[in-house]
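Please read the structure below before turning to the comments.
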Amino acid sequence: MTSPPPLIPAPESIELHEGVEFVIEPDTSIAVNGPESRPVGEYLAGVLRKPTGYPLPLAIQPGGVDNTVSLTLTRGRRGRGGESYSLGVGVSGIDLAADTPEGLFRGVQTLRQLLPAAIEKTSDGPSVAEPWTVPGVRIEDRPRWGWRGSMLDVARHFIPVAGVKRHIELACRYKLNMLHLHLTDDQGWRIHVDRWPRLSRHGGRLQVGGTSGGYYTKDEYREIVSYAAERHMTVVPEIDMPGHTHAALASYPQLNCDGRPRSLYTGTDVRVSSLCIGKEVTDRFVEEVLAEIAELTPGPYLHVGGDEASQTSPEDYVAFIKRVEEIILAQGKTMVAWEEAGRAGLAAGSLVQFWNNGSGAPSGFKLARSAVERGQKLVMSPSDRAYLDMKYDITTELGTQWAGFVDVRRAYDWDPSQFIAQVDESDIAGIEAPIWTETIADVDSLEFMVWPRLAGIAELGWSPTGRSWDEYRMRLAAHGPRWEAIGVNFFRSPHVPWRNHANES
Ligand code: NGO
């Protein structure tokens, strides 16, 4: 018996049709059933044309034509939710159907993983002579949760647009749908704000270690948002407040309670700063900054940080967070904040991001439970499972270990809905893996920490429960050659029996 294809995330259900396969040939075409599904068809053509060297013409026509990969938008008729899709592969063609373009896009990523790893070869040069075989399957699939996120800290070390786009393109292969950008912190302010231009021009100058930093212009930020949107990923911008604001305080002395200037900070301590709560200028600052960020962001969420504000008194903290929530609601957005913000008693629809279950911090659990009691849902990012800046093991040079080592198994082998007592499936909005960049200065280092762990987090957010690490690591092993084909600097964990091109089956 052949084993099921090594898909990550594992689909809800898969039927294998032994002896059946479809081969993409020089005269295969792609069909979409209307203009709305066309962009997904074009994306698929973009994935396939270069490595195969085939023309793969794209046409608007009904599905079911021989030798065609058909993408059919069923506009809600299937009724299984926006991201669901079904994929059938038979000898005469491939049929992908979904209620929404988003569902089609998720299905395209499954199809991509059903093809040989050489499909990922993106380098210029001759196309690859492979039989482009897709095994005969029938897949029904939909996600467990609607929030499956990756967070990039672009504040401690700036990540230029090209690096962010590359990350998006890798993450969307694993059906992640949220890109949380941690845009501001003590060490840098990375997004331009017209009414407060020194935030980026001065506050974005440096980064950790004192090297030169950077920031996104509004056009660059829009470029990231639309690149993500084409991949059905929503950007969630974070402006971290009232702590983690030293870069802002150094850019505008009037934001400090004493009105005095500060120099830029390039160390890695946390809990070093606070906005001056109650000062008129602070309120104007927050309102104007958030208005510009909201205006730039088509997605429904604004993240306002709220973590580690120990330089702010508890009363000031509560008053500040409540005020910020008011501003966000007035802008028609949904507020997301780190778990500490739960102390302020948020509105029912706001989201709380659980993170601090690291050494000696039981309060994260308490805060998460009380948020749930008030009607907030949780985004699950426990630091000892989902923080990708934690070292894999004692030999990892990058990263830190304040929440312990997080090897590939530890990042995968847990169930978000079993994690906090009295918090279950329906209290959870989803899962997210942050990567904090105090020790991570370039894309190569970033990828080493992110992959393969992010694939496991993606599976936890998408797939039904009930699989084991032993089964997962065999599937994961087959993704090595894919990352090699793209030139991803992933961590070759000794606990995974990595395949290479020679023994790829
Ligand atoms: C904490 C802290 C960040 C650090 C990170 C390092 C949160 C939410 N605040 O997580 O500022 O960069 O740990 O792991």
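Counting convention: from 1, in listed order, for ligands and their atoms alike. This is a predicted model, so every value here is computed, not measured.
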Atoms of ligand 1, numbered as shown, that sit under 4.0 Å from any heavy atom of [X]:
| X | value |
| --- | --- |
| V270 | 11 (O) |
| M390 | 14 (O) |
| E438 | 4 (C), 6 (C), 12 (O) |
| H244 | 11 (O) |
| W402 | 6 (C), 13 (O), 14 (O) |

Examine R262 relative to Y252 and say whether NZ or CZ is less than 6.0 Å from the centre of the six-membered ring and inside a 45° cone about the ring axis. no
Taking the six-membered ring of Y227 (Phe, Tyr or Trp), confirm whether the NZ or CZ of R231 is under 6.0 Å from its centre and within 45° of its axis. yes
For the CD atom of E238 and the NE2 atom of H182, what is their distance to the nearest 0.5 Å? 5.0 Å
Out of curiosity, L183 CG to D240 CG, how far, rounded to the nearest 0.5 Å? 10.5 Å
Answer yes or no: does an N/O atom from [X] fall short of 3.5 Å to an N/O atom of ligand 1?
| X | result |
| --- | --- |
| W338 | no |
| T400 | no |
| D389 | yes |
| D307 | yes |
| Y387 | yes |

Just need the protein heavy atom nearest to atom 11 (O) of ligand 1, so name the residue and atom and give the distance. R156 NH2, 2.8 Å
Taking the minimum heavy-atom distance to atom 2 (C) of ligand 1, which of M151, Q401, E308 ranks first? E308
Evaluate W189 against H202 for ring pair (Phe, Tyr, Trp, His ring centres under 6.0 Å), listing each step before the verdict. CA-CA 8 Å; W189 187 285; H202 181 72; over 10 Å; no
Minimum heavy-atom separation for P237 to Y301, with atom names? CD-O, 3.5 Å
Any luck finding a side-chain donor-acceptor pair between D407 and H495 under 3.5 Å? no
If we count only N and O atoms by modelled type, under 3.5 Å, do the side chains of Y221 and T297 hold a donor and an acceptor together? yes
